[in-house]
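Residue numbers begin at 1 in each chain, while the letters A, B, ... track the order of the sequences.
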There are 2 protein chains.
Amino acid sequence: MARNRELNQKMRDERREQILSNALILFAAKGLSATKITDISAASGISQGLIYHYFQSKEEIFRELISSAFEKMNTACRELEKLPLPPREKIILAIEKLLEGFDVYENTSYYYLLILQATVSEAVPQEVKDIIRNQSDFPYEVMERILIEGQKEGSVRAYDARDLAVVFWTTIKGLGLNKAAHGERFKSPDPRILINIFLKE
Amino acid sequence: MARNRELNQKMRDERREQILSNALILFAAKGLSATKITDISAASGISQGLIYHYFQSKEEIFRELISSAFEKMNTACRELEKLPLPPREKIILAIEKLLEGFDVYENTSYYYLLILQATVSEAVPQEVKDIIRNQSDFPYEVMERILIEGQKEGSVRAYDARDLAVVFWTTIKGLGLNKAAHGERFKSPDPRILINIFLKE
DNA sequence: GTCTATATCCAGATAGAC
DNA sequence: GTCTATCTGGATATAGAC
């Protein structure tokens, strides 16, 4: 009996994941309001009504995706900061991994697009805005700290660290968007171009 | 009689402009599909039905805004390229003017957001997609040509010029988005950070 | 030119059969 | 768990009065 309940729960979770992953691509491409429940159900190969056995509303699906996007990003930042490496190496590693991510994991660029849509759009539920407000500064803070450390170390250029952190993330986000928008045609730029923005030669 | 017709036409055009400028802000913030005709009419202080005396549909408003956004951007690029300046100076000028634009003209960042929404979204009419496909490469091409000239001149770093052009525009677009998303809190970074990406010291 | 009222459509969510 | 049928609300666009 308990076995059965566990198995059911597992199947339920898997189905939820499947719906979420289809919804991610749709939300990223069309935004929250232009994505219909029928789009999501069709992409998942199930009837429209069945969606509501797994989620309470379209907004709930959106909210879960946004939460997990920030969770992934902020976890990665936390781990980067804790690595036992000098700031200079952290910056190089971050840029290389982020650029690599665009090519290797297809979902990555969709997440960038999703977060962007949600950050920018006024047409998202309040709870989602709250998640964004609470979580979106963290990557900037981490990068600013690393850059300041790097300036003490002497490896990072002597511009305002906050400015450098802003340039760091806007460039990464911009590239993620480019990839999402142009798909096949997109080619990551030479990482040395980006590394050179922050590090002295 | 002709006087009257001219005057009427002028008033009509002015009203259209006023509707367009309100719609720009709404579309940029919420996207095409989440922006309701009533949002636009309310922002313009007129009844919902009256919108249809000036435009055939919500999509037509969107299309006009996209057209004029690309027109402005591509005209600016064409003029930049024609300036009687060495490549090095063109790059510095472009970065300074683009960053300045964020602070001086409020509308600029909304246009970036609008173009981004339209480029990325599958939920836009076919005609809009066609405009985007035909117009969106031009700024990249211009910048690539300027960068190549600069490499011949010896002032521009020796990375792949296409990569540099991509980094140029993704960084600018990213900053435009930041400004649009964070409004008040946004502060343009030191232009020298960006100039240094492209030019040798 | 401008408004109010309304026809029409479409999407989110629910109910109930299997 | 899954589907089909349906309720309900809201948004586009039109019609018609002023």
Query - Any P139(A) side-chain heavy atom under 4.5 Å of N74(A) side chain - result: yes

Requested in this report: Side-chain contact test, heavy atoms from C-beta onward, threshold under 4.5 Å: evaluate it for L32(B) versus P125(B) and give yes or no.
Outcome: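 Heavy-atom side-chain distance check passes, below 4.5 Å.
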
Report task. State whether R15(B) places a side-chain N or O below 4.0 Å from either non-bridging phosphate oxygen (OP1 or OP2) of dG1(C). Result ->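 So the side-chain polar atoms of R15(B) never come under 4.0 Å of the phosphate oxygens OP1 or OP2 of dG1(C).
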
Query raised in the report: Would you say dT2(D) has OP1 or OP2 under 4.0 Å from some side-chain N or O of Y54(A)?
Result: yes

Report summary line: Of the listed dC3(C), dT4(D), dT14(D), the closest approach to the Y52(B) side chain comes from dT14(D)

Report summary line: Quick note, K58(A) side chain, CB onward, closest among dT12(D), dG12(C), dT2(C) is dG12(C)

Report task. Output, in order, the C-alpha distance, side-chain angles, deciding distance and verdict of ring pair (Phe, Tyr, Trp, His ring centres under 6.0 Å) for F102(A) and Y112(A). Result -> CA-CA 10 Å; F102(A) 294 143; Y112(A) 281 91; 5.5 Å; yes

Query - Considering all heavy atoms, the nearest A34(A)-D39(A) contact - result: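 Nearest heavy atoms, A34(A) then D39(A): O-OD2, 3.9 Å.
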
Report summary line: On a heavy-atom basis, the closest approach of L199(A) and R157(A) is O-NH2, 3.2 Å

Separation of atom [atom1] in [X] from atom [atom2] in [N], rounded to whole Å:
{"X": "I51(A)", "N": "dG1(D)", "atom1": "CD1", "atom2": "C1'", "result": "13 Å"}
{"X": "L50(A)", "N": "dA15(C)", "atom1": "CG", "atom2": "P", "result": "16 Å"}
{"X": "E59(A)", "N": "dA11(C)", "atom1": "CD", "atom2": "P", "result": "15 Å"}
{"X": "I46(B)", "N": "dT4(C)", "atom1": "CD1", "atom2": "P", "result": "12 Å"}
{"X": "Q9(B)", "N": "dG1(C)", "atom1": "CD", "atom2": "P", "result": "9 Å"}
{"X": "R16(A)", "N": "dT2(D)", "atom1": "CZ", "atom2": "P", "result": "14 Å"}

Report task. Give a yes-or-no answer on whether the side chains of D13(B) and Q9(B) include a donor-acceptor pair shorter than 3.5 Å. Result -> yes

**Report entry** Polar side chain donor-acceptor pair, R185(A) to N178(A), under 3.5 angstrom
**Finding:** no

Report task. Using a 4.0 Å heavy-atom cut-off across all strands, classify Q48(A) as base, sugar-phosphate, or nothing. Result ->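 Result for Q48(A) = base.
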
Requested in this report: Residues of residues 34-44 of chain B with any non-hydrogen atom less than 4.0 angstrom from an atom of DNA chain C: list those, numerically ordered, please.
Outcome: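 Under 4.0 Å from DNA chain C: no residue of residues 34-44 of chain B.
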
Query raised in the report: Pick the nucleotide of DNA chain C nearest each of H53(A) and S33(A); which residue has the one closer to the 5' end?
Result: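 Nearer the 5' end of the strand: S33(A).
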
